[in-house]
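The block underneath contains the structure these notes are about, expressed in structure tokens.
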Amino acid sequence: MRMIDLHCDTLWRLSRPDGLWGHRGTLMENPYGVDVKRLEKADALVQAFAVFFMNGYIPAAKREDYAYHIARRRIHSYHRWRLQTGGRLQPVRSYEDVCYCAKNRRVGSLLTLEDAVPVGTSLRRLHEFYDAGVRLITLTWNYENAAGYPNSRDSSVMRKGLKPFGKVLIEEMNDLGMIIDVSHLSDGGFWDVARRSKKPFIASHSNARAVTSHPRNLTDEMIRAIAEKGGVIGLNFCPGFLSSRNISTINGMLRHIHHIYQVGGEDVLALGSDLDGISGRIQLDSCDKIPLLAGALKRYKMSDRVLEKMWNKNALRVFREVLHEN
């Protein structure tokens, strides 16, 4: 049973200087949570790699250009590291690419932007990122951008919807064949996406707010809305999203999976580990440990049919419906 994980931040880890020795490792092998050798051990079919921007310290007026240049550099590094795997990590730009990976026992690599900030208000930039291989965009991170507003503990921010360009952006992403991701988005922005997107959309790395009251998690109404649209919710391993005790355990994951299943049904379940973007007490801190969750779900009496949907079939359905053939 091959695995699809909809979010990790390994590219960010690899791009950070580490003391006097520079960058540590590559996509083939590194000391972080995700690399090709361990993905193969975990029998991964597709791993989504996020291009992420720690841009909170950049003045708001300069964030778009800063993020644009950072994104270009990191995408260049990603392709260099991917080519260094000698074909063991294959680019996923279409559903047909995933089928190729399945047939030839390769790990697929889905390139994403975690935050639309480098796009700014430019559809030209959007097309540039598409041409560079990006096939999923998380509309916001933790700061306001030209598309909309982030999740927040401030209810006035949380109610805000998409900005005018955000509405243009989701239309263009629908037309191009790019997956819209609402993780990190304000509640108001979520509902704008739900109303306006013509294609299934996803929450690549979010959990259930009814289980753990955190603004990054989804309300029951949101879970149902994603399910009704044909999208998926990738289970996030972040301690603060799984438990008020701020620990990440398999038992905590089971509670969220059970709740999402009860509210949204079996077709909305997916994985979105957020490995290399989270820290703290994390039981499954490496991609090759994720199969331990599958074992726990079997002991929890999840049927093979539902487990296979969570592990790959639900995400594959979204890929088939959204990602156009090249």
Side-chain angles (χ1 to χ4, degrees), residues 1-11 13-14 25-51 75 77-112 132-136 177 179 202 204-205 232 234-235 237 267 269-276 284-298 302-326:
M1 183 175 65
R2 303 195 66 188
M3 176 181 76
I4 295 177
D5 178 12
L6 294 170
H7 189 83
C8 78
D9 283 300
T10 309
L11 298 180
R13 292 285 182 187
L14 292 174
T26 65
L27 285 177
M28 177 58 77
E29 188 172 17
N30 63 63
Y32 307 118
V34 178
D35 60 32
V36 172
K37 290 186 176 180
R38 283 174 289 167
L39 287 169
E40 290 174 341
K41 184 178 178 181
D43 200 18
L45 175 57
V46 176
Q47 175 65 58
F49 288 97
V51 177
I75 290 171
S77 296
Y78 156 80
H79 285 302
R80 175 166 51 83
W81 289 323
R82 181 180 56 75
L83 290 170
Q84 288 173 356
T85 69
R88 288 164 70 174
L89 190 65
Q90 288 287 318
V92 168
R93 297 185 176 96
S94 68
Y95 176 68
E96 288 71 22
D97 290 338
V98 183
C99 295
Y100 172 87
C101 292
K103 181 179 179 180
N104 293 280
R105 301 299 303 177
R106 298 289 191 270
V107 179
S109 167
L110 182 73
L111 185 62
T112 82
V134 173
R135 289 298 182 271
L136 180 154
I179 298 169
I202 74 169
S204 66
H205 55 303
V232 295
L235 180 77
F237 295 5
D267 293 332
L269 299 171
L271 295 167
S273 69
D274 207 1
L275 287 174
D276 292 330
L284 304 183
D285 59 359
S286 176
C287 61
D288 58 331
K289 295 181 182 178
I290 297 177
L292 295 174
L293 176 59
L297 286 165
K298 288 182 178 181
M302 178 178 275
S303 70
D304 289 343
R305 185 193 77 254
V306 176
L307 183 57
E308 192 169 3
K309 285 186 173 186
M310 179 175 178
W311 234 243
N312 62 53
K313 285 192 170 180
N314 290 339
L316 284 173
R317 182 190 69 245
V318 174
F319 293 167
R320 186 174 59 250
E321 293 187 25
V322 179
L323 299 182
H324 298 163
E325 186 173 0
N326 294 330

Can you give me the closest heavy-atom contact between [X] and [Y], atom names plus distance?
X      : Y      : answer
Cys287 : Arg38  : SG-CB, 3.5 Å
Asn30  : Thr26  : ND2-O, 3.0 Å
Ala132 : Leu111 : O-CD2, 3.9 Å
Ser273 : His7   : OG-O, 3.4 Å
Arg2   : Ala44  : NH2-O, 2.7 Å
Met310 : Leu271 : CE-CD2, 3.7 Å

Judged by atom type as modelled, is there a donor-acceptor pair below 3.5 Å linking the side chain of [X] to the main-chain atoms of [Y]?
X      : Y      : result
Asp97  : Ser94  : yes
Asp276 : Gly33  : yes
Asn104 : Arg106 : no
Asn314 : Ala270 : no
Arg135 : Val92  : no
Asp9   : Arg13  : no
Ser286 : Lys289 : no

Inset, instruction - Check the pair Arg88, Lys37 against side chain to side chain contact (heavy atoms under 4.5 Å, CB included), reporting the backbone distance first and the verdict last. - result: CA-CA 9 Å; Arg88 288 164 70 174; Lys37 290 186 176 180; 4.1 Å; yes
Looking at side-chain heavy atoms only, is the closest gap between [X] and [Y] below 4.5 Å?
X      : Y      : value
Leu316 : Tyr95  : yes
Ile179 : Phe319 : yes
Gln84  : Met28  : no
Leu11  : Trp81  : yes
Asp43  : Pro291 : no
Val232 : Arg317 : yes
Asp5   : Phe237 : no
Leu269 : Met302 : yes

Say you draw a straight line from [atom1] of [X] to [atom2] of [Y]; how long is it, rounded to the nearest 0.5 Å?
X      : Y      : atom1 : atom2 : answer
Leu45  : Lys313 : CG    : NZ    : 12.5 Å
Ser77  : Leu14  : OG    : CG    : 9.0 Å
Leu39  : Thr10  : CG    : OG1   : 8.0 Å
Asp35  : Glu40  : CG    : CD    : 9.0 Å
His205 : Leu235 : NE2   : CG    : 12.0 Å
Glu29  : Thr85  : CD    : OG1   : 13.0 Å

Legend entry - Heavy-atom neighbours of Lys309 NZ exceed 12 at 6.0 Å: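 Buried by this count: over 12 neighbours within 6.0 Å.
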Inset, instruction - Measure the acute angle between the ring planes of Phe49 and Tyr78, then classify it against the limits of 30° and 60° as parallel, tilted or perpendicular. - result: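 The rings of Phe49 and Tyr78 sit tilted, inter-plane angle from 30° to 60°.
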